[in-house]
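A, B, ... follow the sequence lines: proteins, then strands. Residue 1 opens every chain. Only a predicted model underlies this, so the values are computations on that prediction, with no experimental measurement involved.
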Amino acid sequence: MEQFFILKSEPKSFSWDDLKKAPGKKTNWDGVRNYQARNYLRSMQKGDKCLFYHSSTKEPAIVGIVEVSRTAFPDPTAFDPESMYYDPQSASGKVRWYAVEVRFYGEFEKPILRSELKQYAELSKTELLRRGSRLSVIPLRASEFQFICSLRKIIYEK
DNA sequence: GCCAACGTTGGC
DNA sequence: GCCAACGTTGGC
């Protein structure tokens with residue numbers, strides 16, 4: 001069954017525009033260093049849809065949709081001493097952290113601001129909107145995903 | 001810049 | 001195994 005998630009990113013480290021400019025409009029979703037978020041990454045199946053959310057910015061917002069194009073694999077950045085996500089405890093070759101690959105799926109005609117999202121009773125149980133919610137990979141109910149998608153025209157590209 | 005909420009660490 | 005201290009996240 002198709003699953004849905006929210007992926008958080010700070011635009012100053014990796015933005016929606018960065019994704020659109022990337023070769024093949026795809027990227028490794030790596031650097032996740034939280035066990036719960038990692039477990040969600042590992043549960044992702046090819047074709048699962050993720051809303052792309054800009055956090056820690058003036059106007060936090062959902063900006064687009066990506067789909068999982070490769071299921072979980074050991075996160076290369078954990079083994080790379082040059083990477084800011086390097087994990088010394090993974091150096092032995094033990095796999096602690098995983099990444100998935102995601103690719104562009106659709107873009108909302110206008111960003112859906114967090115302040116707007118909070119107004120809808122349909123999203124009152126959405127983990128993203130809970131105060132203190134810090135997970136960078138957040139599961140989303142199908143009904144919530146569909147509701148959010150109904151809020152904007154979606155621009156698909158071939 | 002503030003601070004609430006959370007995860008992690010480490011002493012015991 | 002408990003829990004206080006600490007660091008980080010991220011909205012506001």
Side-chain angles (χ1 to χ4, degrees), chain A residues 3-22 27-44 48-68 71-102 104-141 143-152 154:
Chain A
Q3 304 179 96
F4 304 94
F5 300 89
I6 295 173
L7 297 178
K8 271 191 206 173
S9 186
E10 300 189 18
K12 63 175 180 240
S13 65
F14 188 83
S15 71
W16 182 244
D17 274 347
D18 293 333
L19 174 75
K20 290 199 291 181
K21 280 184 281 188
T27 189
N28 283 350
W29 206 263
D30 54 23
V32 172
R33 295 294 178 266
N34 169 286
Y35 287 105
Q36 199 180 345
R38 179 205 66 181
N39 293 344
Y40 288 130
L41 285 180
R42 286 199 300 200
S43 77
M44 288 181 181
D48 284 352
K49 303 294 184 295
C50 306
L51 297 176
F52 195 113
Y53 177 81
H54 279 164
S55 67
S56 287
T57 182
K58 260 183 216 89
E59 300 201 302
I62 292 172
V63 289
I65 310 169
V66 294
E67 73 175 340
V68 176
T71 55
F73 55 94
D75 182 347
T77 65
F79 301 101
D80 176 8
E82 302 299 306
S83 169
M84 62 178 297
Y85 301 115
Y86 177 62
D87 171 31
Q89 291 185 244
S90 295
S92 57
K94 263 199 309 186
V95 179
R96 291 172 84 202
W97 305 116
Y98 288 79
V100 297
E101 182 194 78
V102 295
F104 180 98
Y105 181 77
E107 178 173 47
F108 293 108
E109 194 172 35
K110 266 177 45 190
I112 311 172
L113 301 186
R114 180 183 181 87
S115 54
E116 176 183 347
L117 291 168
K118 288 204 298 190
Q119 293 170 9
Y120 301 111
E122 288 88 341
L123 302 178
S124 59
K125 289 182 185 158
T126 302
E127 168 67 17
L128 173 74
L129 302 178
R130 222 195 75 240
R131 126 191 271 269
S133 172
R134 299 193 314 175
L135 267 191
S136 60
V137 182
I138 305 173
L140 195 63
R141 295 170 188 85
S143 59
E144 294 170 335
F145 177 82
Q146 282 149 18
F147 177 78
I148 291 169
C149 288
S150 74
L151 294 173
R152 292 289 187 282
I154 301 172

Query - Whole-Å gap separating P (C/dG11) and CZ (A/R131) - result: 12 Å
**Report entry** Between A/D17 and A/S15, a side-chain donor and acceptor under 3.5 Å
**Finding:** no
Query - Euclidean distance, atom CD1 of residue A/I6 to atom P of C/dG11 [Å, nearest integer] - result: 11 Å
I'd like a table of donor-acceptor pairs (distance under 3.5 Å, sequence neighbours excluded) in which one partner is a side-chain atom from residues 78-87 of chain A, with atom names and distances.
residue, atom, partner, partner atom, Å
A/D80, OD1, A/E82, N, 2.8
A/S83, OG, A/Y85, N, 2.9
A/D87, OD1, A/Q89, N, 3.2
A/D87, OD1, A/R96, NH1, 3.1
A/D87, OD2, A/S90, N, 3.4
A/D87, OD2, A/S90, OG, 2.6
A/D87, OD2, A/R96, NH1, 2.6
A/D87, OD2, A/W97, NE1, 3.1

Report task. Could you name each residue pair satisfying side-chain hydrogen bond (donor to acceptor under 3.5 Å, both in side chains) that touches residues 131-141 of chain A, not counting sequence neighbours? Result -> A/E127-A/S133, A/R141-A/E144
Requested in this report: Determine whether A/V68 and A/F5 make a side-chain contact, defined as any pair of heavy atoms from C-beta on separated by less than 4.5 Å.
Outcome: no
Query raised in the report: Is the Lys NZ or Arg CZ of A/K49 less than 6.0 Å from the centre of A/F145's six-membered ring, within 45° of the axis?
Result: no
Taking N or O atoms only and anything under 3.5 Å, show me the protein contacts with nucleotides 5-9 of chain C, one pair per line.
residue, atom, partner, partner atom, Å
C/dT8, O2, A/R134, NH1, 2.4

